[in-house]
2 protein chains.
Amino acid sequence: MGEHPARTRRRGEELIKAIHDAVLQEVVEAGAGRLTMDAIARRAATPRTTLYRRWSDPLDVLLDALYHQHPVEEPTPGADDLRGDLIRALRLMADWALSPAGRAVAAILTDPKSAALMSEALFERVFANRGGTFTRTVLQHYADRGRFPAELLTPVVADIGEALVTKRLLDTGTPPSDEDLSAIVDQAILPALGLGP
Amino acid sequence: MGEHPARTRRRGEELIKAIHDAVLQEVVEAGAGRLTMDAIARRAATPRTTLYRRWSDPLDVLLDALYHQHPVEEPTPGADDLRGDLIRALRLMADWALSPAGRAVAAILTDPKSAALMSEALFERVFANRGGTFTRTVLQHYADRGRFPAELLTPVVADIGEALVTKRLLDTGTPPSDEDLSAIVDQAILPALGLGP
DNA sequence: GATATTAGATACACGACTGTAGCTCAAGAC
DNA sequence: GTCTTGAGCTACAGTCGTGTATCTAATATC
């Protein structure tokens with residue numbers, strides 16, 4: 001008579017991980033404004049009471065999930081290849097932006113209610129490797145080595161790559177091709193560093 | 001006993017305008033995912049039945065409101081002043097993005113449910129003056145006059161200004177200053193056209 | 001093995017929004 | 001002035017999410 005054959009009961013880390021995964025999937029499918037405790041609990045296959053024991057509302061769950069995300073991989077400047085490193089950095093960024101965590105961040109940034117709840121601390125933690133760090137790390141590395149004038153590495157210039165990738169993702173919603181990323185590097189970033197073709 | 005002293009009854013255009021305004025305000029305050037017929041009706045001070053007579057659900061109302069928005073002002077290249085015209089174009093864009101209509105568009109673009117409902121036609125109509133038209137109009141004008149090599153006006157280059165303004169709005173949420181816009185033009189757009197300092 | 005936690009399974013009252021129905025009456029058309 | 005349209009008003013049943021309470025049994029701790 002064992003309908004559900006003694007499903008092992010989850011606790012602690014394992015359970016929380018399942019809930020975090022559930023809320024990230026939910027926000028991707030439904031949007032930040034349509035998050036409900038009910039849907040999160042259903043997807044995580046746990047009673048709502050379990051959620052209320054730890055969090056007060058759906059956005060609370062979502063922010064907690066983001067807070068516990070693994071930090072994004074950092075671009076590591078390799079050989080003496082500014083162009084290649086920039087492309088790789090943008091690839092990292094695009095991959096992250098299309099992941100559930102990246103999509104969740106986008107949902108939060110544009111949701112009035114969650115934007116208001118974002119603490120400085122969370123913002124720092126989640127976006128430290130986003131705001132400009134992807135290409136900035138690479139650019140700083142080569143600026144230090146004198147590959148281009150350091151005073152050209154302004155906040156605007158450090159943002160060019162991320163901004164163009166973001167815009168492309170907003171416009172098309174599809175992953176950028178290598179050609180797209182190359183074009184961004186060759187036609188926008190390198191010229192801004194005085195490294196025209 | 002006349003509590004509400006014979007409020008004139010609205011019809012047609014006037015009423016629809018009020019509803020369009022209401023839904024745009026709602027989406028700015030609550031987000032696309034939290035739109036309800038109820039809240040829209042309340043804000044427009046009309047019964048819900050009036051909404052159901054024309055639209056099937058809140059997103060339907062929102063998309064209709066956007067469809068009837070006045071087109072955004074076009075940047076008109078003035079004297080022989082590429083730099084100034086670019087800054088003015090970006091100012092137009094930033095102002096629009098911060099308006100209710102602009103915020104509504106941002107909400108829609110990042111809402112999974114409404115993004116799916118966006119028709120090509122609406123996308124064209126609402127975004128014709130967004131995707132790249134703000135600075136592209138200006139750039140095309142000066143490219144035609146040979147102020148810079150026309151082959152440098154690639155899709156990527158035409159997007160640089162809009163992309164950086166968008167990123168700044170996403171990051172800070174506040175209107176960019178004239179200095180911000182000047183920096184974008186001087187440090188990112190002009191170099192990409194081979195017009196360094 | 002005994003004990004403390006805490007996930008899992010209900011149940012429930014409450015409120016919000018939905019979609020429809022029925023009616024009254026103001027505004028526009030003729 | 002009469003007629004037609006459609007806004008304004010009210011009511012209602014149905015659904016979904018909320019937040020809490022209660023009980024159980026599995027898991028961890030000692």
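Each chain gets a letter, A, B and so on, in the order the sequences are listed, and its residues count up from 1. As a basis for the values below, the full set of heavy atoms in this structure was taken, side chains included, without hydrogen atoms, waters or symmetry mates.
Place B:T49 and B:P58 on DNA chain C by their nearest nucleotides, and B:P58 ends up nearer the 5' end.
With rounding to whole Å, B:I16 atom CD1 is found 17 Å from D:dT5 atom P. Between A:R54 atom CZ and C:dG8 atom P there is a gap of 10 Å when expressed in whole angstrom units. When the C1' atom of D:dA28 is taken as reference, atom CD of A:E13 falls 14 Å away, rounded to whole Å. What separates CG of A:L51 from P of D:dT20 is a distance of 13 Å, to the nearest Å. The interatomic distance linking B:R48 (CZ) with D:dA11 (P) rounds to 13 Å, in whole Å. Put simply, CG on A:L15 is 13 Å from C1' on C:dT5, counting in whole angstrom units. Distance CD (B:E14) to P (C:dG28): 9 Å, rounded to an integer number of Å. In this structure, A:D60 atom CG and D:dT18 atom P are separated by 13 Å, rounded to whole Å.
At C:dT5, none of the side-chain N or O atoms of A:R53 fall inside 4.0 Å of OP1 or OP2 (strictly under the cut-off). Residue B:R10 has a polar side-chain atom (N or O) positioned under 4.0 Å from OP1 or OP2 of D:dG8. Contact check, B:T46 against D:dG8: a side-chain N or O comes under 4.0 Å of OP1 or OP2. The side chain of A:R42 contributes an N or O atom lying less than 4.0 Å from OP1 or OP2 of D:dG17.
Distance alone, capped at 3.5 Å, places no donor-acceptor pair between the A:R147 side chain and the A:L139 backbone. A donor-acceptor pair under 3.5 Å is absent between the side-chain atoms of A:T110 and the main chain of B:A107, judged by distance alone. Within the 3.5 Å criterion, the main-chain N or O of A:V61 finds no donor-acceptor partner in the side chain of A:D64. Looking only at distances, a side-chain donor or acceptor of A:E162 sits under 3.5 Å from a matching main-chain atom of A:T135.
Between B:E26 and B:R43, at least one side-chain N (NZ, or NE/NH1/NH2) sits under 4.0 Å from a carboxylate O, which counts as a salt bridge. A salt bridge does not link A:D60 with A:R54: none of the charged nitrogens is closer than 4.0 Å to a carboxylate oxygen. Salt-bridge annotation for A:R168 and B:D159: absent, with no side-chain N of the basic residue lying under 4.0 Å from a carboxylate O of the acidic one. Salt bridge annotation for A:K113-A:D57: absent, with no cationic side-chain nitrogen under 4.0 angstrom from a carboxylate oxygen.
In the hydrophobic cluster analysis, where Ile, Leu, Val, Met, Phe, Trp and Tyr join through side-chain heavy atoms closer than 4.5 angstrom, B:I16 is grouped apart from B:Y67. Linking ILVMFWY residues whenever their side-chain heavy atoms come closer than 4.5 Å, directly or via other members, leaves A:I189 and B:L152 in distinct clusters.
For B:T50, counting side-chain heavy atoms from C-beta on, the closest listed nucleotide (C:dT18, D:dA7, D:dT18) is D:dA7. The side chain of B:Y52 has C:dT20 as its nearest neighbour among D:dG19, D:dA7, C:dT20.
Less than 4.0 Å separates DNA chain D from at least one heavy atom of each of the following residues of residues 28-37 of chain A: A:T36, A:M37.
Terminal axes of the helix from C:dG1-D:dC30 to C:dC30-D:dG1 (five pairs each, C1' rotation axis) are separated by 40°, to the nearest 10°.
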